[in-house]
Number of protein chains: 2
Amino acid sequence: MKWTELEENWCPVARTLTLVGDRWTLLILRDCFLGSSKFEEFAANTGATRHIISSRLKRLVEAGILERKLYVERPKRYEYLLTEKGREFGPALMTFRDWGKKHLPVRRSASAAKG
Amino acid sequence: MKWTELEENWCPVARTLTLVGDRWTLLILRDCFLGSSKFEEFAANTGATRHIISSRLKRLVEAGILERKLYVERPKRYEYLLTEKGREFGPALMTFRDWGKKHLPVRRSASAAKG
DNA sequence: TTGCTAGAGTTCCAAAATGGAACTGAAATC
DNA sequence: GATTTCAGTTCCATTTTGGAACTCTAGCAA
């Protein structure tokens with residue numbers, strides 16, 4: 001079954017996953033919640049390629065989760081801001097954060113810094 | 001950046017995503033919460049290919065989220081059960097469910113069946 | 001004893017997605 | 001004029017997916 005067919009699935013979890021159930025989208029949203037809004041920030045903070053960032057931002061805007069807003073007229077510069085719909089995804093990210101903190105502690109070598 | 005490199009990421013959301021941040025894993029976990037435990041059930045309920053089901057179950061078992069348990073001796077038959085670590089992922093699925101129910105209602109044509 | 005069914009996978013190949021790097025375009029700054 | 005910044009796009013090789021067929025063990029039926 002193709003991934004996009006899940007859009008009409010009876011299960012709301014499946015439908016949600018058609019938007020955020022890929023390898024980078026949730027990391028972009030995490031960045032948004034941490035204050036990022038620029039293309040370059042997403043690229044730098046997530047580690048995803050510019051190609052991926054571009055396609056994911058498009059999808060998130062189309063879905064009404066982010067809003068693409070002009071913030072410099074010349075040259076045209078856009079930023080991406082969470083909509084109300086996007087902000088309501090916050091609790092989901094928090095459950096991921098909490099689960100990760102509890103169950104996937106970072107294995108660090110003796111000399112590794114905390115950051 | 002390669003996806004697997006996120007395993008050691010400072011961010012617990014990113015680390016969580018290395019396990020469940022792909023196109024089908026969360027759907028398999030949803031099935032587990034709804035009572036499924038067999039390979040064939042996952043294949044039928046998620047719509048993912050057997051190939052994918054196989055690789056995802058391996059990863060979930062390796063991560064300690066599911067337990068692979070023999071339930072028929074001859075021929076060998078295995079089922080997959082949520083561990084405590086896996087059960088603690090429940091709240092995350094519920095946030096996805098709630099967000100999807102609220103923001104992604106199913107557009108159904110007049111004749112569309114419920115299944 | 002040949003044939004069908006069931007469960008749990010594996011294998012193969014084509015199609016789609018991803019990773020990495022370079023390139024574009026507009027304007028500000030050196 | 002050259003370099004830098006931001007926001008993308010393009011190209012190509014590598015990975016991952018999607019789909020279907022195949023394997024292996026064993027029960028059951030004719």
Side-chain angles (χ1 to χ4, degrees), chain A residues 1-9 14 17-29 31-32 35-63 66-81, chain B residues 1-9 14 17-29 31-32 35-63 66-81:
Chain A
M1 177 192 273
K2 268 170 231 152
W3 186 248
T4 49
E5 289 174 40
L6 290 177
E7 274 176 27
E8 304 279 326
N9 197 278
L17 287 171
T18 61
L19 289 178
V20 302
D22 67 87
R23 281 173 147 40
W24 297 106
T25 301
L26 282 179
L27 244 32
I28 292 177
L29 286 181
D31 271 15
C32 291
S36 297
S37 66
K38 313 289 167 54
F39 187 99
E40 300 293 332
E41 291 177 309
F42 298 132
N45 297 339
T46 63
T49 62
R50 317 174 67 71
H51 189 90
I52 299 287
I53 300 291
S54 177
S55 79
R56 296 308 186 271
L57 287 175
K58 277 195 183 84
R59 187 160 72 201
L60 289 169
V61 168
E62 194 181 353
L66 296 181
E67 176 198 2
R68 185 169 181 259
K69 198 180 160 194
L70 192 70
Y71 75 98
V72 172
E73 264 295 345
R74 302 181 57 79
K76 301 271 190 207
R77 292 280 182 262
Y78 298 93
E79 66 181 337
Y80 297 85
L81 304 173
Chain B
M1 175 192 272
K2 268 170 231 152
W3 187 248
T4 50
E5 289 174 40
L6 290 177
E7 274 176 26
E8 303 279 326
N9 197 277
L17 287 171
T18 60
L19 289 178
V20 301
D22 67 87
R23 283 176 143 44
W24 297 105
T25 302
L26 282 180
L27 244 33
I28 292 177
L29 285 181
D31 271 14
C32 292
S36 296
S37 67
K38 313 288 168 53
F39 187 98
E40 300 293 333
E41 291 176 308
F42 299 131
N45 298 338
T46 64
T49 63
R50 316 174 67 72
H51 188 90
I52 299 287
I53 300 291
S54 177
S55 78
R56 296 307 186 273
L57 287 175
K58 276 196 182 82
R59 187 160 73 203
L60 289 168
V61 168
E62 193 180 354
L66 297 180
E67 176 198 3
R68 184 168 183 261
K69 199 180 160 192
L70 191 70
Y71 75 98
V72 172
E73 264 293 346
R74 303 179 58 80
K76 301 271 190 207
R77 294 281 182 261
Y78 298 93
E79 66 181 337
Y80 296 85
L81 304 173

Report summary line: Between A:Ala14 and A:Leu6, the two heavy atoms sitting closest are O-CB, 4.2 Å
Query raised in the report: Less than 3.5 Å between a donor and an acceptor, one on the side chain of B:Arg50 and one on the base of C:dA8, is that the case here?
Result: yes
Report task. Send over the distance from A:Ile52 CD1 to D:dG8 P, rounded to a whole Å. Result -> 15 Å
**Report entry** Heavy-atom pair with the smallest gap, counting every atom of A:Phe39 and A:Leu57
**Finding:** CD1-CD1, 3.8 Å
Query raised in the report: Starting at the 5' end of DNA chain D and moving along, which residue's nearest nucleotide shows up first, A:Lys2 or A:Phe39?
Result: A:Phe39
Report summary line: Correct closest heavy-atom pair for B:Asn45 and B:Ser36 would be ND2-OG, 3.1 Å
Report summary line: Heavy-atom closest pair (B:Thr25 atom, B:Arg56 atom, distance to 0.1 Å) is OG1-CD, 3.1 Å
Query - Minimum-distance nucleotide (side-chain atoms of A:Met1 versus D:dG19, C:dG19, D:dA26) - result: D:dG19
Query raised in the report: Between A:Lys76 and B:Glu79, who's closer to the 5' end of DNA chain C by nearest nucleotide?
Result: B:Glu79
**Report entry** OP1 or OP2 of D:dT9 under 4.0 Å from side-chain N/O of A:Ser54
**Finding:** yes
**Report entry** Nucleotide C:dA8, atom C1' - distance to CZ of B:Arg68 in whole Å
**Finding:** 9 Å
Query raised in the report: Does OP1 or OP2 of C:dA16 have a side-chain N or O of A:Arg23 closer than 4.0 Å?
Result: no
Requested in this report: Tell me whether the OP1 or OP2 atom of D:dT17 has a side-chain N or O from B:Arg56 closer than 4.0 Å.
Outcome: yes
Query raised in the report: What integer distance in Å separates B:Phe42:CZ from C:dG9:P?
Result: 10 Å
Query raised in the report: For B:Trp3 and C:dT18, what is the distance between atoms CH2 and C1' respectively, to the nearest whole Å?
Result: 12 Å
Query - Short side-chain N/O contact to C:dT10 OP1/OP2 from B:Lys58, under 4.0 Å - result: yes
Query raised in the report: When the nearest nucleotide of DNA chain D is assigned to A:Lys38 and to A:His51 on a heavy-atom basis, which residue is associated with the more 5' position?
Result: A:Lys38
Query raised in the report: Separation of B:Arg59 atom CZ from C:dG9 atom P, in whole Å?
Result: 16 Å
Query - Rounded interatomic separation in angstrom, taking OH from B:Tyr78 and C1' from D:dC24 - result: 13 Å
Report task. Check the distance between D:dG8's C1' and A:Leu70's CG and give it to me in whole angstrom. Result -> 15 Å
Query raised in the report: For C:dA17, does either OP1 or OP2 sit under 4.0 Å from a side-chain N or O belonging to A:Trp24?
Result: no
Report summary line: On a heavy-atom basis, the closest approach of A:Asp31 and A:Glu41 is OD2-O, 3.8 Å
Query raised in the report: Do you know which two heavy atoms are closest between A:Tyr71 and A:Glu79, and how far apart they sit?
Result: CD2-N, 3.6 Å
Query raised in the report: Does a side-chain N or O from A:Tyr80 land closer than 4.0 Å to OP1 or OP2 of D:dC6, or not?
Result: no
Requested in this report: Grab the CG-C1' distance between B:Leu6 and C:dG19 for me, whole Å please.
Outcome: 13 Å
Query raised in the report: What about A:Arg74: does its side chain form a donor-acceptor pair under 3.5 Å with the base of C:dA26?
Result: no
Report task. May I ask you to evaluate whether B:Tyr71 reaches the phosphate of C:dA8, defined as a side-chain N or O under 4.0 Å from OP1 or OP2? Result -> yes
